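Everything quoted here is computed from the prediction, not taken from an experiment. One-based numbering, in listed order, for ligands and for the atoms of each. When reading the values below, keep in mind they use all heavy atoms of this one structure, side chains included, and skip hydrogens, waters and symmetry mates.
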Amino acid sequence: MKISRIKSIEVLDSRARPTLCTSVYLDDGSIGQAMVPSGASTGQLEAYELRDGDKQRYGGLGVQGAVKNSEETLKILREVSPEDQLEIDNKLIEFDATENKSKLGANAILSVSLACARAASKSMNTSLYEYLNIMYKGMTNKDSAMSIPVPMLNIMNGGCHANNSVDIQEFMIIPSKKFNFKDGLMKSVEVYNHLKNLLKEKGLSVSVGDEGGFAPSLKKSEEVLDLIIESIERAGLTYLDDISIALDCAASELFTENSYRLIGENKNFSSEQMIYYLESLINKYEIKSVEDPFDETDWDAWKTFTNNNDFQIVGDDIFVTKEKLLKKGIKNKVANSILIKLNQVGTLSETLQTICLAKKNGYKTIISHRSGETEDSFIADLAVAVDAGQIKTGAPARSDRTAKYNRLLLIEDELYP
Ligand code: PGA
Ligand code: ZN
């Protein structure tokens, strides 16, 4: 079996920006398609997202160059078996030949990488999650089980995902592990709806941010946390027993001139003060998980914070899903969990390698969407296939987010009817 055609077009993401949709055609008639997401609070060391820069089209954000580049990869992939994902991804990396995939664009590369996997799964007549599980088992040489991840639902948006003064980017709810996925999602939806009513009662806006969470014009993080806990109680649920809370501080966005500028709190914090501020907030509210509490360059603060605490500490911008950076993290005892975003590193194989490394070293894994998403639900299958344990994919609202939750509902129903 061979790849016979690669065809890409520009489609739109959830922020009205163009992105790629790539179709890979196999000579047995199978077709795999993939769309790539795009971040806003991006890490500096992420793989390069190629944009046209032509202001006449989409304000310079067009991806026609990446479309052309993805189609050109056919010449190096024609002879590769579509089932050999590692070989496909290695060829793509070789063809690009830059450190951060800036020649072809990580968006171009990833769309081909993912569309190849989908095409091969179709050709083998297996569902995507099963196909990815086989691939993952091949890499780990272990019998890796599949599981439905626990969702982290971002229900209040701040930072650069919202037009308000809330400093922390994401306030997420996590249903207890005692619920199956379907019930956990239902309870989370109840909290989301109670939160909406509560905001309305208080005369606050119920319009939403980039990831579908509400984005009222509040300032202090404590106000947001109090509202979420009240919504959990109004839904007839018990805070911590039924639903807990996670934060993504996206602190690189707050870091300027060696200090953290918290507009909502009207404070400027040194790293030490930021450690103290976050520890106080987290302990007061018994927060279960915190992502990117410090800037991606502030490794000393990360180290101290990891050493001091035993809740889940998640590295996103600091690791950007790259094996090399995670290795550095493991060596320096920085964080105990990693956020996994395919487009931060740019190929499926590299993503799986990073997941393997994390698991081998006892780091928890959370498969994640980006703030700019499409209806592509690849990450839902990926989370199941690698037994990731957790998935973060926004509010239970807006199709770009619910596409992933709905896909997980279908997979759960298939695996555990
Ligand atoms: P991004 O945000 O997709 O805008 O980078 C998500 C996150 O920081 O986790
Ligand atoms: Zn993040």
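No salt bridge links E375 with R401; every basic N to acidic carboxylate O contact stays at or beyond 4.0 Å. No salt bridge links K219 with E223; every basic N to acidic carboxylate O contact stays at or beyond 4.0 Å. The residues K101 and E350 are annotated as salt-bridged, a charged nitrogen and a carboxylate oxygen being separated by less than 4.0 angstrom. Looking at E286 and K288, no side-chain N of the basic residue comes within less than 4.0 Å of a carboxylate O on the acidic one, giving no salt bridge.
Two rings, from F305 and F311, have their centers less than 6.0 Å apart.
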Quiz item: Can K322 and E46 be said to form a salt bridge (charged side-chain N to carboxylate O under 4.0 Å, His left out), step by step?
Solution: CA-CA 8 Å; K322 294 190 176 170; E46 287 194 22; over 6 Å; no
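Excluding waters, the set of protein N, O or S atoms lying under 2.8 Å from the Zn ion (ligand 2) comprises D248 OD2, E291 OE2, D316 OD2.
When the side-chain hydrogen bond (donor to acceptor under 3.5 Å, both in side chains) test is applied to E233, no partner is found at least two apart in sequence or on another chain.
Ring geometry, Y277 versus F269: the interplanar angle falls from 30° to 60°, so the pair is classed tilted.
Residues of the protein with a heavy atom under 4.0 Å from ligand 1 are G39, A40, S41, H161, Q169, E170, E211, D248, E291, D316, L339, K341, R370, S371, K392, listed by chain and number.
Sorted by first then second residue, the salt bridge (charged side-chain N to carboxylate O under 4.0 Å, His left out) pairs that include residues 240-267, not counting sequence neighbours, are K178-D242, K220-E265, D248-K392.
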